[in-house]
Amino acid sequence: MTVQVLIPDIGEANDVEVIEILVSQGETVEADASLVVLESDKASMEIPSPTRGTVARVHVSVGDNVDEGDLLLELDPEPETEAGNEPQPASESEPVPEPAPESEKENENENEQESEPALEIAAEPPSKIRAESSDSGVTAISLKDKGIPQVHAGPAVRKQAREYGVQLLSVKGTGHQGRILKEDIQNYVADRLNNSSDQTLPTIPEVDFSRFGEIELKALPKIRQVSARNLHRSWLNIPHVTQFDEADITDLEEFRKQQSSELAEEGVKLTPLAFLIKASVVALQKFPQFNASIQPDFKHLILKKYFNIGIAVETEEGLVVPVLKEADKKGVIQLAKDSADLASQARNRKLPFDAMQGATFTISSLGGIGGTAFTPIINAPEVAILGVSKARVSPVFNGESFVPRTILPLALSYDHRAIDGAEAVRMLRFLADVLSDMRRVIL
Ligand code: CAO
């Protein structure tokens with residue numbers, strides 16, 4: 001005997017909308033399984049099946065408005081199994097048997113309808129009436145009152161969104177009045193997978209700042225736009241860790257100042273930078289994993305046998321990183337000349353394209369400006385960058401008394417996928433030791 005399932009008494013809610021149909025013709029449903037989802041102004045509710053059976057015919061469509069007593073669907077009752085239910089698939093991923101072809105089912109149903117009169121049963125009043133809720137559990141009524149954007153989606157869609165970890169607010173609904181459908185969630189997930197670069201990034205909302213006061217739009221130079229993209233890419237892709245240390249450069253500074261006055265006559269400006277490049281190369285030779293790139297599949301480190309040092313240069317147009325090539329083959333005076341030339345070319349926008357490529361390690365020296373410490377961003381695909389802050393004279397205890405020493409703060413940011421923390425500490429300590437006593441360069 002076919003059972004006609006009618007809309008039950010759903011309280012004050014009359015003329016409610018069918019927002020989702022959870023079963024299809026030919027499908028076997030268990031007693032109490034949800035058949036359709038109705039939604040009124042204030043709540044959505046799932047209508048449960050009064051009995052176990054096969055759906056013979058669905059009489060409503062999404063978007064229909066229904067009242068108590070309306071025919072929802074027809075069901076061919078089936079006896080309960082011993083356990084009360086059909087055996088369930090072992091896991092959700094196991095395939096559920098396909099329902100019989102529609103035509104067969106329709107014929108079966110027609111035959112049954114001919115032979116037996118239909119029994120009318122009002123479905124149980126919905127046990128699952130619930131206030132439309134956002135993911136945060138705030139009711140739609142209060143959301144409306146507060147002017148917070150509402151999400152229109154049925155419980156099954158919400159469940160699917162939760163399973164996929166999808167924020168419903170991010171999904172564009174294509175259903176009636178913008179309602180989010182299951183396909184919308186599926187399309188959203190597929191889109192995200194195809195554009196995996198922004199897969200999990202919440203966006204910073206655009207704000208109309210003029211609401212709060214006067215503003216001015218300043219165009220960003222091309223160089224700044226490019227470096228912004230590169231820095232952002234590095235920041236997002238590389239798990240950065242920054243190791244800090246200090247080098248006692250008292251002796252080095254004394255030597256540098258002596259040499260500076262002599263070299264000034266030749267037009268060479270000797271700053272700590274040239275020594276930093278020299279000492280870095282020696283440290284990179286001892287710790288080759290810092291003069292490297294990591295393969296995208298993480299199976300190999302690409303160790304580079306050449307030593308090209310990128311120098312971060314501040315220009316009016318933005319940050320530029322020219323590359324001082326073959327730094328290992330040059331003495332400190334040549335390094336001073338080359339770095340000054342590159343900085344000047346960068347500031348005059350005269351850098352040849354070749355001078356911007358092939359760096360194996362970068363130094364960002366802000367010491368001429370000031371600062372005690374900072375965390376430089378790695379110049380990908382390199383795996384490390386040295387940040388240098390301003391040297392200061394500090395009292396240092398030598399075991400007997402405090403003596404004034406010139407202390408240079410160092411920061412080494414490294415890609416934690418390629419380098420372990422212990423290696424970074426050793427590398428930076430070694431570098432600091434070289435700077436403290438540059439004679440180590442010739443060892
Ligand atoms: N501590 C104390 N004094 C320092 C110093 C340090 N760590 N580094 C440089 N100085 C001194 C120099 O000796 C020089 O002093 P004198 O004029 O008395 O000789 C003065 O500071 C200025 O040096 P400089 O900046 O002209 O030259 P430099 O070789 O040290 O640096 C360059 C060259 C190109 C690195 C620098 O000009 C520059 O652009 N720095 C900014 C880099 C930057 O923006 N990095 C941030 C990138 S974001 O991570």
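Every number for a ligand or one of its atoms is a count from 1 in the order of the listing.
Counting protein heavy atoms under 4.0 angstrom from atom 7 (N) of ligand 1 gives one or more. Of the protein's heavy atoms, none falls inside 4.0 Å of atom 24 (P) of ligand 1.
If you check the side chains of Thr242 and Ser413, you find a donor sitting under 3.5 Å from an acceptor. Between the side chains of Ser436 and Asp248, no donor-acceptor pair is found at a separation under 3.5 Å. Side chain to side chain, Lys350 and Ser344 fail the donor-acceptor criterion of an N or O pair below 3.5 Å. Between the side chains of Asp338 and Gln334, at least one donor N or O sits under 3.5 Å from an acceptor N or O. With hydrogens and angles left out, the side-chain atoms of Glu382 and Thr362 include a donor and acceptor closer than 3.5 Å.
The distance from atom CZ of Phe275 to atom CE of Met438, rounded to the nearest 0.5 Å, is 6.0 Å.
Checked by distance only, ligand 1 and Ala391 come closer than 3.5 Å through their nitrogen or oxygen atoms. Looking at ligand 1, you'll find an N or O of Arg347 within less than 3.5 Å of one of its N or O atoms.
Checked by atom type and distance alone, the side chain of Arg347 pairs as donor or acceptor with a backbone atom of Glu314 at under 3.5 Å.
Contact annotation for Lys257 and ligand 1: no heavy atom of the residue comes within less than 4.0 Å of the ligand. Under 4.0 Å from ligand 1, the heavy atoms of Ser389 that appear belong solely to its backbone.
For atom 31 (O) of ligand 1, the candidate residues are Leu231, Leu273, Leu342; the nearest heavy-atom contact is made by Leu273. For atom 43 (C) of ligand 1, the candidate residues are Leu270, Ile249, Val320, Leu366; the nearest heavy-atom contact is made by Leu366. Considering only non-hydrogen atoms, atom 35 (C) of ligand 1 lies nearest to Ala312 out of Ala312, Ala340, Ser344. By heavy-atom distance, the residue among Ser365, Ala411, Gly367 lying nearest atom 40 (N) of ligand 1 is Ser365. For atom 34 (C) of ligand 1, the nearest non-hydrogen atom from the set Thr362, Val313, Ile277 comes from Val313.
Among all protein heavy atoms, the one lying closest to atom 47 (C) of ligand 1 is Ser364 OG, 3.1 Å. Among protein heavy atoms, the minimum distance from atom 19 (O) of ligand 1 is reached at Lys269 CE, 3.6 Å. For atom 30 (O) of ligand 1, the closest heavy atom belonging to the protein is Thr271 OG1, 3.7 Å. Remark: minimum distance from atom 11 (C) of ligand 1 to any protein heavy atom is reached at Gly368 CA, 4.0 Å.
One finds no salt bridge joining Glu246 and Arg429 here, because no Lys/Arg side-chain nitrogen approaches an Asp/Glu carboxylate oxygen to under 4.0 Å. Contact check on Arg349 versus Glu317 returns a salt bridge, with a Lys/Arg side-chain nitrogen under 4.0 Å from an Asp/Glu carboxylate oxygen. The residues Lys172 and Asp184 are annotated as not salt-bridged, no charged nitrogen and carboxylate oxygen being separated by less than 4.0 angstrom.
Counting atoms of ligand 1 from 1 in the listed order, those under 4.0 Å from a heavy atom of Arg256 are 13 (O). For ligand 1, the atoms closer than 4.0 angstrom to any heavy atom of Val388 are 7 (N). Taking a cut-off of under 4.0 Å to the non-hydrogen atoms of Leu319, the atoms of ligand 1 that pass are 44 (O), 47 (C), 48 (S). Atom numbering of ligand 1 starts at 1 in the shown order; those under 4.0 Å from a heavy atom of Leu408 are 7 (N).
Relative orientation of the Phe290 and Tyr414 rings is perpendicular, given thresholds of 30° and 60° on the angle between their planes.
Of all heavy-atom pairs between Leu386 and Ser280, the closest is CD2-OG, 3.8 Å.
Residue contacts with ligand 1 leave out Arg392, since none of its heavy atoms falls under 4.0 Å from the ligand.
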